[in-house]
Trainee: 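Once you've had a glance at the structure underneath, I'll fire off some questions.
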Amino acid sequence: MPTIRVRLMKRTSVHSERHAILTAYLRELRVVRGLTQGEVAEALDRPQTYVSDIEKNRRGVDLLQVLDFCDAFDIRFEAFSRELMKRIRAKKA
């Protein structure tokens, strides 16, 4: 049986270009919907600094947190992820 090797890397996603695109898109959705960071934070049951830190790329975001943001912005995850991937691909081109 072949050996599978997994290379573990230090988590640096908050410094990646893809993370910056994600957080910029989250901020754009908030602004377009006319919401303050405080209103989004309240919907997420988090402090306002949580939203601020994400928007400033100071905090990572996992998939479940993205789902919570989608709920707060009233956007289906499928639509969110399609648009996010479109933006990531456009940046690579």
Side-chain angles (χ1 to χ4, degrees):
M1 179 182 287
T3 303
I4 298 174
R5 294 179 188 217
V6 177
R7 183 176 171 199
L8 298 176
M9 298 173 60
K10 183 177 177 186
R11 182 175 176 197
T12 58
S13 64
V14 295
H15 303 292
S16 74
E17 190 171 2
R18 290 187 304 179
H19 188 267
I21 294 167
L22 167 63
T23 57
Y25 183 35
L26 289 172
R27 181 182 186 286
E28 180 183 322
L29 286 171
R30 177 182 63 76
V31 171
V32 165
R33 282 163 172 69
L35 299 170
T36 65
Q37 288 180 346
E39 291 168 331
V40 174
E42 186 175 323
L44 300 174
D45 196 27
R46 299 285 197 146
Q48 177 271 329
T49 54
Y50 169 81
V51 176
S52 176
D53 286 348
I54 288 171
E55 289 185 1
K56 292 179 179 178
N57 272 337
R58 293 182 182 158
R59 179 184 198 98
V61 187
D62 68 27
L63 179 60
L64 296 177
Q65 292 166 320
V66 169
L67 290 169
D68 290 341
F69 273 97
C70 288
D71 288 344
F73 297 144
D74 194 30
I75 184 172
R76 294 188 60 196
F77 176 73
E78 296 82 3
F80 176 89
S81 61
R82 272 193 306 273
E83 178 62 22
L84 177 62
M85 290 310 299
K86 182 173 131 184
R87 292 169 183 232
I88 289 170
R89 287 183 188 115
K91 189 70 173 182
K92 287 182 179 180

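Bear in mind that the values here come from a model prediction, so they are computed numbers and not experimental data.
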Trainee: For the residue pair Glu17 and Ile88, establish whether any side-chain heavy-atom pair is separated by less than 4.5 Å.
Mentor: no
Trainee: How far does OG1 of Thr23 sit from CZ of Arg58, to the nearest 0.5 angstrom?
Mentor: 12.0 Å
Trainee: Using the side chain to side chain contact (heavy atoms under 4.5 Å, CB included) rule, take Leu84 and Phe77 through it: C-alpha gap first, then chi angles, then the decisive distance, then the call.
Mentor: CA-CA 10 Å; Leu84 177 62; Phe77 176 73; over 6 Å; no
Trainee: Looking at CD of Gln48 and CG of Asp53, how far apart are the two atoms once the value is rounded to the nearest 0.5 Å?
Mentor: 8.5 Å
Trainee: Could you give all pairs that pass the ring pair (Phe, Tyr, Trp, His ring centres under 6.0 Å) test and reach residues 41-68, with sequence neighbours left out?
Mentor: none
Trainee: Check the pair Phe80 / Leu22 against side chain to side chain contact (heavy atoms under 4.5 Å, CB included), numbers first and verdict last.
Mentor: CA-CA 10 Å; Phe80 176 89; Leu22 167 63; 3.6 Å; yes
Trainee: Pick out which of Leu29, Val40, Val51 makes a side-chain contact (heavy atoms from CB on, under 4.5 Å) with Leu35.
Mentor: Val40
Trainee: Taking all heavy atoms of Ser52 and all of Gln37, pick out the closest pair and write down the distance.
Mentor: CB-OE1, 3.4 Å
Trainee: Apply side chain to side chain contact (heavy atoms under 4.5 Å, CB included) to Glu83 and Glu28, showing your working.
Mentor: CA-CA 12 Å; Glu83 178 62 22; Glu28 180 183 322; over 6 Å; no
Trainee: Should we say atom CD of Glu55 is surrounded by more than 12 heavy atoms from elsewhere, each under 6.0 Å from it?
Mentor: yes
Trainee: Salt-bridged, Arg33 to Glu39, with N to O below 4.0 Å?
Mentor: no
Trainee: Which pair of heavy atoms, one from Ile21 and one from Arg87, lies closest together, and at what distance?
Mentor: CG2-CB, 3.8 Å
Trainee: Per the salt bridge (Lys or Arg N to Asp or Glu O under 4.0 Å) rule, what does the pair list look like for residues 68-80, sequence neighbours excluded?
Mentor: Arg76-Glu78
Trainee: Just how far is it from atom OG of Ser81 to atom CD1 of Ile75, taken to the nearest 0.5 Å?
Mentor: 9.0 Å
Trainee: As an exercise, state the distance from CD1 of Ile54 to CZ of Arg46, rounded to the nearest 0.5 Å.
Mentor: 7.5 Å
Trainee: Do any pairs count as a ring pair (Phe, Tyr, Trp, His ring centres under 6.0 Å) and have a residue in residues 53-76, sequence neighbours left out, and if so which ones?
Mentor: Phe69-Phe73
